[in-house]
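Data block below; observations after.
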Amino acid sequence: QVQLVESGGGLVQPGGSLKLSCAASGIIFHINTMGWYRQAPGKQRELVARITSGAGTNYADSVKGRFTISREIAKNMVYLQMNSLKPEDTAVYYCNADIYSRPGYRADYWGQGTQVTVSS
């Protein structure tokens with residue numbers, strides 16, 4: 001009943017920028033925390049950034065100062081602005097959201113992922 005769809009991934013040179021978007025759709029009463037995770041080949045999925053409904057944020061140490069997470073609550077959207085990209089940022093990036101579809105029912109949802117490749 002709820003879907004998350006990411007967009008904005010692609011190929012970029014080191015030092016470049018990309019902006020990822022994630023749209024939540026379906027039966028949504030309230031979205032608590034939204035976030036971005038990534039998984040590189042041979043590595044475990046890791047938290048990149050997350051943002052609460054009150055706009056509080058958390059970032060992985062590896063992206064602090066380079067990435068910025070934001071959201072538009074009324075549109076059920078979350079964004080990840082990625083600057084000064086490095087080859088080690090190459091990964092599949094996944095959108096995550098903690099959502100109430102109705103009062104008293106909360107569940108965790110994931111998008112299918114979008115590929116980000118940083119290479120010369």
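Everything numeric in this text was worked out from a predicted model, so none of it was measured.
- Remark: Y37 engages W110 in a ring pair (Phe, Tyr, Trp, His ring centres under 6.0 Å) (not counting sequence neighbours).
- Clustering of Ile, Leu, Val, Met, Phe, Trp and Tyr by side-chain heavy atoms under 4.5 Å joins I73 with none of the others.
- Between R71 and N32, the shortest heavy-atom distance links the atoms NH1-O, 2.7 Å.
- Here disulfide (SG to SG under 2.5 Å) pairs that include residues 17-96, with residues two or more places apart or in two chains, are C22-C95.
- Partners of A97 under the side-chain contact (heavy atoms from CB on, under 4.5 Å) rule, at least two apart in sequence or in another chain, are L4, I31, M34, I99.
- Although no hydrogens or angles enter the test, the distance criterion places a donor-acceptor pair under 3.5 Å between the side chain of E6 and the main chain of Q112.
- Closest of all the heavy-atom pairs between A40 and A91 is N-CB, 3.8 Å.
- Among residue pairs with one or both ends in residues 27-56, none qualify as disulfide (SG to SG under 2.5 Å); sequence neighbours excluded.
- Applying the side-chain contact (heavy atoms from CB on, under 4.5 Å) test to T57 and every residue at least two apart in sequence or in another chain returns I51, Y59, I69.
- Other residues sharing a hydrophobic cluster with Y100 under the 4.5 Å side-chain heavy-atom criterion for ILVMFWY residues are F29.
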TODO: Give the intermediate values and the outcome of side chain to side chain contact (heavy atoms under 4.5 Å, CB included) for residues E88 and V118.
DONE: CA-CA 8 Å; E88 48 264 50; V118 185; over 6 Å; no

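- Residues passing the side chain to side chain donor-acceptor pair (under 3.5 Å) test with S17 are N83, sequence neighbours excluded.
- Under the 4.5 Å side-chain contact rule for hydrophobic residues, V48 and V92 do not share a cluster.
- Note on residues 61-70: pairs passing side-chain hydrogen bond (donor to acceptor under 3.5 Å, both in side chains), not counting sequence neighbours, are R38-S62, D61-K64, R66-D89.
- Through side-chain heavy atoms spaced under 4.5 Å, either directly or across other Ile, Leu, Val, Met, Phe, Trp or Tyr residues, Y79 is tied to M77.
- In this structure K75 satisfies the salt bridge (Lys or Arg N to Asp or Glu O under 4.0 Å) test together with E72, sequence neighbours excluded.
- Listed by chain and residue number, D98 satisfy the salt bridge (Lys or Arg N to Asp or Glu O under 4.0 Å) test with R106 (two or more places apart in sequence, or in another chain).
- The minimum heavy-atom distance linking L18 with L85 is given by the pair N-CD1, 3.9 Å.
- Put simply, F67 and V78 are part of the same group of oily side chains (I, L, V, M, F, W, Y) that touch within less than 4.5 Å, one to the next.
- Here the side chains of Q1 and I28 are not in contact, with every heavy-atom distance at 4.5 Å or above.
- In this structure, the side chains of N76 and S25 stay at 4.5 Å or more apart for every pair of heavy atoms.
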TODO: Dump the intermediate steps for side chain to side chain contact (heavy atoms under 4.5 Å, CB included) on L11 and S119, then the final yes or no.
DONE: CA-CA 7 Å; L11 175 65; S119 177; 4.3 Å; yes

